[in-house]
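Just below is one structure, and these are the notes that go with it.
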Amino acid sequence: MKLYNTLSKKKEEFVPLEEGKVRMYVCGPTVYNFIHIGNARPMIVFDTVRRYFEYKGYDVNYVSNFTDVDDKIIKKALEEGVSSDEISRRYIAECKKDMEGMNVKPATTHPLATEEIGGMIEMIRTLIEKGYAYEKNGTVYFRTRQFKDYGKLSHKNLDDLRSGERSLLVTGEDEKEDPLDFVLWKPKKEGEPSWESPWSDGRPGWHIECSEMSKKYLGEQIDIHAGGEDLVFPHHENEIAQSEAANGKEFAKYWLHNAFLNIDNRKMSKSLGNFRTVREISNQYDLQVLRFFMLGAHYRSPLNFSADLMEASKNGLERIVNAADHLKYLMENVQTEAMTEEETKAYGNTEAFVKAFESAMEDDFNTADAVAAVFDLVKFVNTTANAHSSKEYLQKLLERVVSLTDVLGLIVDRKEDLLDQEIEELIAERQAARKAKDFARADAIRDELLGKGIILKDTREGVQWKRA
Ligand code: AMP
Ligand code: ZN
């Protein structure tokens with residue numbers, strides 16, 4: 001399997017640190033609002049990377065943090081007159097809902113920065129002891145000149161950067177030894193969340209969070225570290241400096257970065273008014289469509305979001321789901337059980353689609369080509385499965401479609417059955433709607449249930465239901 005390593009600027013063969021295992025860290029969002037569709041890109045892309053490793057039989061330890069202490073969170077808390085904690089807790093919960101909708105698996109661990117402060121303080125202490133960090137008036141800085149490999153990830157000309165930064169030094173940071181030195185710990189300002197430390201009551205810098213959480217949950221050396229391309233410099237460059245200086249070992253072997261998502265060919269930003277949250281998209285589309293849209297491009301190519309492209313993705317996904325539905329429909333009315341010789345041969349031919357899918361994924365996770373292989377399989381299904389097919393053949397074709405779409409995190413084999421509890425909840429909602437004289441809603445719920453084979457009967461004792 002080959003993956004493009006930002007560190008070497010080359011595609012490299014993947015060799016795990018430990019046989020059969022992948023240790024992977026993905027920088028997560030800062031939680032001060034609903035996540036936007038740009039944030040969704042690394043979530044979907046690296047979840048797919050994880051799923052492919054799992055498909056190949058690797059045991060993946062996947063860690064992704066929530067940055068829950070940050071200027072933006074503090075600002076939002078002040079605006080709303082609530083605590084930072086309340087803001088971050090609210091948006092972590094909302095983010096998890098969006099992730100579920102996009103079928104992004106929960107990480108093995110989702111650490112919160114605010115729960116790992118002790119470890120960060122220890123790491124900063126080690127850096128000071130080793131001469132890689134220094135304190136000035138309660139602020140601790142990383143001494144970049146001391147770390148010889150500084151700049152190895154971003155391949156930047158550091159002297160140019162230094163002279164650029166020098167003129168930009170903000171007040172309070174003119175005490176730095178070098179313009180590229182960055183903050184590991186900073187004293188609190190009035191009203192900010194803070195923790196005790198040997199240097200001041202304050203909070204950690206952003207970069208140290210990931211170095212510490214990665215070490216704690218994955219160990220000093222990991223296989224893959226990933227995030228959006230804006231994180232290469234300074235965030236990931238600084239993480240490397242901190243982790244390698246503190247631990248004396250290479251931090252991550254492979255650095256993966258997704259390109260940005262634009263909207264209607266423009267950068268997404270609040271000021272341009274083209275900012276879209278995942279939640280907004282979910283009002284219009286099943287979030288599976290958003291996932292499918294994201295996977296239609298290679299993760300290192302810039303991706304443009306537009307209404308037309310979403311419609312095209314919706315249609316594309318429907319083609320796959322319809323093929324799976326058709327197989328299930330045919331299976332309910334089969335005349336023969338076992339595969340014929342001809343079917344065995346036809347089924348053997350589907351190997352070619354699996355091979356094409358795998359070789360696309362092995363080539364730096366080329367999901368665009370992998371999706372094309374799924375479409376080829378779907379076309380084959382639509383032309384060979386029919387009312388005369390055996391149950392075994394239909395079943396095997398369905399399994400094949402599901403096994404590939406599973407890697408992409410697309411749910412095509414939907415279980416339509418409602419659980420008893422869900423039915424009860426819908427009935428309760430219908431009763432409430434009727435009470436509120438919202439008969440349109442009440443009827444819509446009855447129709448929805450009917451569509452799923454649930455028949456309601458209004459009796460004097462209340463509503464009774466049965467499955468059709
Ligand atoms: P943030 O909350 O800004 O730290 O971002 C969380 C993740 O989303 C990081 O990996 C970012 O690189 C990524 N990200 C932010 N904006 C975009 C975008 N427009 N396109 C793709 N990735 C993005
Ligand atoms: Zn990070």
Side-chain angles (χ1 to χ4, degrees), residues 6 24-47 49 62-73 75-76 87-88 91-92 94-95 98-99 102 104 107 109-113 116 120 123 153-154 182 184 204-218 222 224-243 251-252 255-272 274-278 281 290-291 293-295 297-306:
T6 308
M24 183 166 178
Y25 187 97
V26 181
C27 292
T30 306
V31 279
Y32 64 101
N33 204 338
F34 288 99
I35 57 164
H36 58 67
I37 56 176
N39 299 138
R41 192 171 191 194
M43 286 179 181
I44 290 170
V45 157
F46 298 118
D47 176 65
V49 166
Y62 189 99
V63 176
S64 191
N65 66 299
F66 286 113
T67 295
D68 62 343
V69 54
D70 179 88
D71 289 343
K72 296 192 200 100
I73 300 173
K75 185 165 166 264
K76 178 94 169 183
I87 296 291
S88 57
Y91 290 113
I92 287 170
E94 298 296 356
C95 177
D98 288 337
M99 284 168 68
M102 298 186 293
V104 170
T109 316
H110 277 292
L112 305 184
E116 311 291 345
M120 294 175 206
M123 199 170 210
L153 181 72
S154 50
F182 56 90
L184 297 173
W206 171 36
H207 318 301
I208 196 76
E209 296 176 9
C210 289
S211 281
E212 165 54 23
M213 292 186 274
S214 174
K215 177 177 157 188
K216 175 157 173 194
Y217 294 99
L218 295 169
I222 67 172
I224 296 174
H225 196 116
E229 65 184 1
D230 59 322
L231 301 185
V232 175
F233 188 88
H235 185 53
H236 288 163
E237 194 69 66
N238 292 352
E239 280 190 44
I240 291 179
Q242 297 163 152
S243 295
F251 178 30
W255 288 85
L256 270 51
H257 293 100
N258 64 272
F260 257 42
L261 175 93
N262 297 312
I263 295 198
D264 296 323
N265 295 311
R266 298 166 85 187
K267 193 174 156 79
M268 180 167 56
S269 79
K270 282 226 165 95
S271 54
L272 285 174
N274 62 0
F275 193 87
R276 293 240 174 69
T277 63
V278 169
I281 302 302
L290 183 66
R291 180 167 187 125
F293 159 76
M294 296 268 183
L295 297 177
H298 187 269
Y299 75 94
R300 282 189 293 112
S301 306
L303 177 58
N304 189 43
F305 179 94
S306 72

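Atoms within a ligand are numbered from 1 in the order they appear, just like the ligands themselves. All values derive from a computational prediction rather than experimental measurement. Residue numbers count from 1 along this sequence. Computed from heavy atoms alone, side chains included, the values below leave out hydrogens, waters and symmetry copies.
- N304 and N262 form no side-chain donor-acceptor contact under 3.5 Å, judged by distance and modelled atom types alone.
- Qualifying salt bridge (Lys or Arg N to Asp or Glu O under 4.0 Å) partners for E229, counting only residues two or more places apart in sequence or in other chains: none.
- Counting the atoms of ligand 1 from 1 in the order shown, those under 4.0 Å from a heavy atom of L231 are 9 (C), 10 (O), 12 (O).
- For atom 13 (C) of ligand 1, the choice among G28, A40, P42 with the nearest heavy atom turns out to be P42.
- When hydrogens are left out, the protein atom nearest atom 15 (C) of ligand 1 is N39 ND2, 3.5 Å; that is the closest non-hydrogen contact.
- When side chains are defined from C-beta on, L153 does not count as touching F233, because their heavy atoms never get closer than 4.5 Å.
- The side-chain heavy atoms of V63 and I222, taken from C-beta on, include no pair separated by under 4.5 Å.
- At least one heavy atom of A259 sits closer than 4.0 Å to an atom of ligand 1.
- Between the Zn ion (ligand 2) and H236 there is no N/O/S contact shorter than 2.8 Å.
- In this structure, R41 contributes its side chain and M294 its backbone to no donor-acceptor pair below 3.5 Å.
- The N/O atoms of T30, backbone and side chain alike, include one that comes under 3.5 Å of an N/O atom in ligand 1.
- Restricting E239 to its N, O or S atoms, the one at the least distance from the Zn ion (ligand 2) is OE2.
- Counting only N and O atoms by type, the side chains of H207 and Q242 include no donor and acceptor under 3.5 Å apart.
- Atoms of ligand 1 found under 4.0 Å from any heavy atom of L261 (numbered from 1 in listed order, with element): 18 (C), 19 (N), 20 (N), 21 (C).
- Between H236 and W255, the ring-plane angle classifies as tilted under the 30° and 60° cut-offs.
- For ligand 1 and G228, the ligand atoms under 4.0 Å from any heavy atom of the residue are 10 (O), 12 (O).
- Interface atoms of ligand 1 facing P29, defined by a heavy-atom separation under 4.0 Å, are 2 (O), 6 (C).
- A distance below 6.0 Å separates the ring centres of F34 and Y91.
- With a 4.0 Å heavy-atom cut-off, ligand 1 is reached by the side chain of D230 but not by its N, CA, C or O.
- Using modelled atom types, no side-chain atom of N258 and backbone atom of R300 make a donor-acceptor pair closer than 3.5 Å.
- Heavy atoms of H36 come nearer than 4.0 angstrom to ligand 1 in at least one pair.
- When non-hydrogen atoms are compared, ligand 1 lies under 4.0 Å from the side chain of N258 (C-beta onward) but not from its backbone.
- The Zn ion (ligand 2) lies at 2.8 Å or more from every N, O or S atom belonging to H207.
- Closest protein heavy atom to atom 17 (C) of ligand 1: F260 CZ, 3.4 Å.
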